Every structure is written in C-alpha cells, then in structure tokens.
*Asks:* 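Below is one structure. I have some questions about it.
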Amino acid sequence: MSVTPSSSLATAADPAGCTGEGCSISAETGAVSLAVHYRIETASGVSAFVVTTSLGAARASAGFKAAPGA
C-alpha cells in the first residue's frame, strides 16, 4: 500500500483578512494505491503476479467573505 501526503493551501489564513478580498482554503487528500503480490507454487513450477488498484484521492475547497460591517 502506498499513500501520498495530503496538502492544503490557504489564502488570508487570518480571519481578520477575510473582510476585503475574502479568504479560501483548498485541500487534497493523498492518493491511495494498493498492490497485492501473489506467489503460487505448484508441482509444475512457481508463478507470480501483482494486482494493483488506485483508490483515488479527494479534493475540497471553501471560501468566505465577511460582511463589510463585521
């Protein structure tokens, strides 16, 4: 199994900075992939194979702009 790190990117992380242009955040989970290695031994010999699958990743984002009088 392998997992890449997650990441996030924030603009105007200080809530006071959300009154002008607003602020936003985007986040992405790391991608997850899984590999299963098989080894089969029989009287006629040895065979091996690998099955892999990607379980994907997810993204989310949100934005906020405070009211002018807030």
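Every heavy atom of this structure was used, including side-chain atoms; hydrogens, water molecules and symmetry mates were not. Every value quoted in this text rests on a predicted model; they were computed, and no experiment measured them.
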*Asks:* Which heavy atom of Ala35 sits nearest to which heavy atom of Val50, and what is that distance?
*Replies:* CB-CG1, 4.3 Å
*Asks:* Taking Leu34's backbone N and O only, do any of them form a donor-acceptor pair with Thr53's side chain (distance below 3.5 Å, no angle check)?
*Replies:* no
*Asks:* Taking the side chain as C-beta and beyond, is there a heavy-atom pair between Val51 and Tyr38 under 4.5 Å?
*Replies:*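 Yes; the side chains approach each other to less than 4.5 Å.
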*Asks:* Side chains of Arg39 and His37: closer than 4.5 Å at any heavy-atom pair?
*Replies:*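 No; the side chains remain at least 4.5 Å from each other.
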*Asks:* Ala57 and Gly30: which non-hydrogen atoms are nearest, and at how many Å?
*Replies:*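 Residues Ala57 and Gly30, closest heavy atoms: CB-O, 4.0 Å.
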